[in-house]
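For reference, the structure is listed below as structure tokens.
Computation of the quantities below employed the complete heavy-atom set of this structure, encompassing side-chain atoms and omitting hydrogens, waters and symmetry-equivalent molecules. None of these values were measured; they are calculated from a predicted model.
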Amino acid sequence: MKIIIYQILMRLYGNKNETRKANGTIEENGCGKMNNLSASELKKIRELGVTHVWYTGILRHASTTDYTSHGIPCQHPAVVKGKAGSPYAIADYYDVDPDLAVVVDKRMSEFERLVSRTHRAGLKVVIDFVPNHVARQYHSIAKPDGVRDLGEDDDTSAGFMPEKNNFYYCPGQAFMPYLDLYHGAKEPYQEMPAKATGNDCFHNSPTRNDWYETVKLNYGVDYYAGGVGHFTPIPDTWHKMLHILLYWASKRVDAFRCDMAEMVPAEFWDWAIAKVKEKYPEVAFIAEVYNPQKYRRYIAAGFDYLYDKVGMYDAVRDVVCHRRDVGAITEAWQQTDDIGQHMLYFLENHDEQRVASDFFAADGRKAVPALVACALMRQNPFMIYFGQEWGEKGMDAEGFSGHDGRTTIFDYWSFGSQAERDAELEMTYRHVLNIAKSERAVTDGLSFDLMYVNRQCCRQYAFLRKAENELLLVLTNFDDAAASVNLLLPEHAFNYLDISEGTYLMTDLLSGQSMEAVLQRNQSVNITIKPRGAQIWKITF
């Protein structure tokens with residue numbers, strides 16, 4: 001079965017509060033809860049064509065909301081982005097975000113019940129593992145007995161100590177960022193000595209554009225000496241992070257989406273992934289890696305799937321926005337053809353601008369050809385971000401996030417009314433994702449890109465998929481005008497896919513329309529396609 005991942009920012013899902021006050025508190029704007037993912041909601045998600053749900057923001061992270069009455073430490077507002085805080089500034093790797101719980105003191109059991117409900121719905125659970133950095137005021141109150149906290153045994157007089165220290169330090173220098181250290185609090189935030197900041201900022205004065213709310217974890221790489229690795233003996237951080245992975249795997253989590261995995265040495269992943277899979281062989285690892293030169297090394301380290309951002313995402317976005325022609329799609333998959341089954345395709349996630357935003361396509365329907373191409377062209381996984389399927393625009397100025405075409409990850413917020421959602425677009429997503437998940441030609445079949453013999457098509461992208469006696473001819477139109485396409489089918493396609501020449505009935509799986517077509521070597525099939533349209537023609541031999 002083809003993997004279809006549905007990313008949910010838990011803070012937003014099911015939040016019915018429509019106050020939507022900029023920089024609003026949780027009391028003013030509300031917050032989504034884990035319990036909003038009821039059995040009926042999960043059934044709807046599965047019916048969309050989804051196989052895996054990525055619950056984003058599960059781990060407790062830095063926030064300005066006060067939970068001290070529940071024994072949860074406060075975080076200083078100067079080192080929290082937004083009122084809600086970034087879900088990637090982890091304050092406790094062993095705890096669940098209290099914002100997401102109906103009963104705060106039962107937050108872990110609410111998460112465990114969510115996992116059980118998700119599995120009963122026939123879906124698998126993905127959560128974030130954030131290995132590169134933690135919140136500046138990281139302190140675990142939920143760690144198991146006998147576990148030492150990160151930094152608890154550090155020698156802060158040393159900038160770098162490979163086998164012992166969990167953090168990097170600026171000895172003798174206080175944390176003095178270029179920002180307000182009060183941020184509304186009575187006392188300023190103080191950190192002495194300053195720790196290195198998460199985005200490899202190894203001095204005491206990060207800027208607003210740095211990940212100033214986080215601190216970098218030490219995996220044995222001496223950045224002060226140019227990035228020399230010290231991995232023998234195994235650094236203390238390795239052991240602690242492996243324990244965290246095993247802890248969540250024991251909660252029946254099916255996969256980890258590993259944030260900024262390429263900022264952690266591949267040697268750690270070699271070691272840790274092997275140990276996790278030795279005990280939990282079915283657990284999958286998804287890496288956020290942006291440097292194509294590192295792709296194969298991180299796959300060799302044990303990752304099952306990698307983001308294909310700078311390749312396929314960037315190419316498809318440019319094609320949608322008419323900055324490049326469809327040949328860019330061919331070039332993108334060819335760059336990773338040898339590792340194609342490991343590449344995770346997507347059009348949206350929490351880091352990227354919404355397709356329907358004014359910064360991208362301004363209309364979710366304009367990316368339907370991209371949806372069809374990315375979901376069907378290969379066997380590799382495909383991911384969507386919740387709201388993408390109904391054309392969420394992400395054009396609110398929510399607070400810290402600002403007016404940037406993204407759905408905020410820093411602020412308490414909610415989506416607009418149900419009436420603003422594009423029901424027709426959602427039905428298209430349902431059709432396409434279920435085709436991707438269920439058609440044998442997609443899940444198990446061979447692929448054949450037709451563009452090398454159809455260079456006259458600058459804005460129409462076409463390919464074939466075939467398994468056993470079933471063939472799909474997929475045609476997409478990225479143009480704003482209808483097109484009449486004479487699509488050449490080369491002899492090589494007939495040989496490679498074992499297609500018999502003849503006259504066949506083709507049925508478009510999206511529209512239900514049927515027509516007869518003559519398939520002959522080195523001859524063309526004429527197809528008319530609507531503006532920004534897609535067709536999935538199925539032939540059964």
Side-chain angles (χ1 to χ4, degrees), residues 59 88-95 127-135 138-140 142-156 158-169 195-200 202 211 214-251 253 255-281 283-289 291 294 297-304 306:
L59 304 189
Y88 295 97
I90 303 300
D92 189 342
Y93 279 119
Y94 292 98
D95 205 355
I127 68 167
D128 286 289
F129 175 56
V130 187
N132 175 68
H133 51 268
V134 295
Y138 182 93
H139 172 59
S140 179
K143 64 184 187 298
D145 292 342
V147 172
R148 304 290 290 174
D149 215 1
L150 287 167
E152 186 174 350
D153 303 311
D154 279 12
D155 179 352
T156 61
F160 169 72
M161 188 174 287
E163 69 279 0
K164 178 181 179 182
N165 283 6
N166 299 134
F167 301 121
Y168 297 90
Y169 295 92
K195 300 182 185 74
T197 297
N199 60 317
D200 292 356
F202 293 96
W211 304 347
T214 69
V215 291
K216 174 83 173 179
L217 282 168
N218 170 15
Y219 284 83
V221 178
D222 187 354
Y223 293 97
Y224 301 114
V228 178
H230 299 267
F231 306 136
T232 304
I234 291 173
D236 182 70
T237 303
W238 290 29
H239 291 289
K240 286 177 176 169
M241 301 311 277
L242 173 61
H243 191 275
I244 291 160
L245 284 167
L246 292 171
Y247 175 83
W248 289 101
S250 74
K251 301 285 184 185
V253 165
F256 294 100
R257 178 267 184 189
C258 300
D259 184 72
M260 297 308 298
E262 68 179 295
M263 297 182 76
V264 173
E267 289 82 357
F268 165 75
W269 298 115
D270 287 325
W271 178 83
I273 293 176
K275 288 189 174 298
V276 173
K277 291 200 173 194
E278 182 179 337
K279 190 168 185 180
Y280 301 99
V283 169
F285 285 80
I286 304 166
E288 183 184 25
V289 177
N291 183 352
K294 294 185 177 182
R297 176 64 184 95
Y298 279 76
I299 290 171
F303 278 102
D304 298 278
L306 310 181

*asked:* Within the structure provided, determine whether Lys275 and Trp238 are in side-chain contact (heavy-atom separation under 4.5 Å).
replied: no

_Closest approach of Met260 to Trp211 (non-hydrogen atoms, all atoms of both residues)_ = CG-CH2, 4.0 Å

*Looking at His243 and Pro144, what are the two nearest heavy atoms and their distance?*
CE1-CG, 3.9 Å

*Who are the salt bridge (Lys or Arg N to Asp or Glu O under 4.0 Å) partners of Lys143, not counting sequence neighbours?*
none

*How long is the span from the OG1 atom in Thr214 to the CG atom in Asn199, to the nearest 0.5 Å?*
6.5 Å

*Working for ring pair (Phe, Tyr, Trp, His ring centres under 6.0 Å), residues Phe160 and Tyr224*: CA-CA 8 Å; Phe160 169 72; Tyr224 301 114; 7.2 Å; no

*Is there a side-chain contact between Leu217 and Met241 (heavy atoms, below 4.5 Å)?*
yes

*Search all heavy atoms of Pro233 against all heavy atoms of Glu163 and return the closest pair with its distance.*
CG-CB, 4.2 Å

*Going by the salt bridge (Lys or Arg N to Asp or Glu O under 4.0 Å) test, name the single residue among Asp236, Asp154, Asp153 that passes it with Arg148.*
Asp153

*From Phe129 atom CZ to Ile244 atom CD1, the distance as rounded to the nearest 0.5 Å*: 6.0 Å

*Among Phe231, Tyr168, Phe268, whose ring-ring contact (aromatic ring centres under 6.0 Å, His included) with Tyr219 holds?*
Phe268

_Main chain of Val130, side chain of Asp259: is a donor-acceptor contact present, judged purely on distance under 3.5 Å?_
no

*CZ of Phe303 to CZ of Arg297: how many Å apart, nearest 0.5 Å?*
10.5 Å

*Please answer whether the main-chain N or O of Val228 pairs with a side-chain N or O of Asp222 as donor and acceptor at a distance below 3.5 Å.*
no

*If we only count heavy atoms from C-beta on, is the Leu150 to Phe167 side-chain gap below 4.5 Å?*
yes

*Check whether any side-chain heavy atom of Ile127 lies under 4.5 Å from a side-chain heavy atom of Phe256, and answer yes or no.*
yes

*Measure the spacing between NZ of Lys164 and CG of Asn218 and express it to the nearest 0.5 Å.*
12.5 Å

*Can you list the steps and then say if Val253 with Val283 is a side chain to side chain contact (heavy atoms under 4.5 Å, CB included)?*
CA-CA 7 Å; Val253 165; Val283 169; 6.0 Å; no

*Step by step, would you call Phe285 with Lys277 a side chain to side chain contact (heavy atoms under 4.5 Å, CB included)?*
CA-CA 10 Å; Phe285 285 80; Lys277 291 200 173 194; 3.9 Å; yes

*Are the side chains of Val276 and Leu246 in touch, meaning some heavy atoms are under 4.5 Å apart?*
yes

*Is it the case that more than 12 heavy atoms not belonging to Lys251 sit under 6.0 Å from its NZ atom?*
yes

_Under the rule for side-chain hydrogen bond (donor to acceptor under 3.5 Å, both in side chains), what residues qualify as partners of Asn132, not counting sequence neighbours?_
Lys216

_Working to the nearest 0.5 angstrom, can you tell me the gap between Tyr280 OH and Leu245 CG?_
11.0 Å

*asked:* Counting C-beta onward and ignoring hydrogens, is there a side-chain heavy-atom pair between Val147 and Tyr247 closer than 4.5 Å?
replied: no

*asked:* Is any side-chain heavy atom of Leu306 closer than 4.5 Å to one of Ile299?
replied: yes

*Whether His230 side chain and Pro235 backbone form a donor-acceptor pair below 3.5 Å*: no

*Tyr138 side, atom OH; Tyr93 side, atom OH - distance, nearest 0.5 Å*: 6.5 Å

*asked:* Between Asp95 (side chain only) and Ala142 (backbone N and O only), is there a donor and an acceptor less than 3.5 Å apart?
replied: no

*In chain order, what residues pass the side-chain hydrogen bond (donor to acceptor under 3.5 Å, both in side chains) check against Ser140, with sequence neighbours excluded?*
Asp92

*Compare every heavy atom of Ala301 with every heavy atom of Ala266, then report the nearest pair and how far apart it is.*
O-CB, 3.9 Å

_Nearest heavy atoms of Ala261 and Trp269, plus distance in Å_ = O-NE1, 3.2 Å

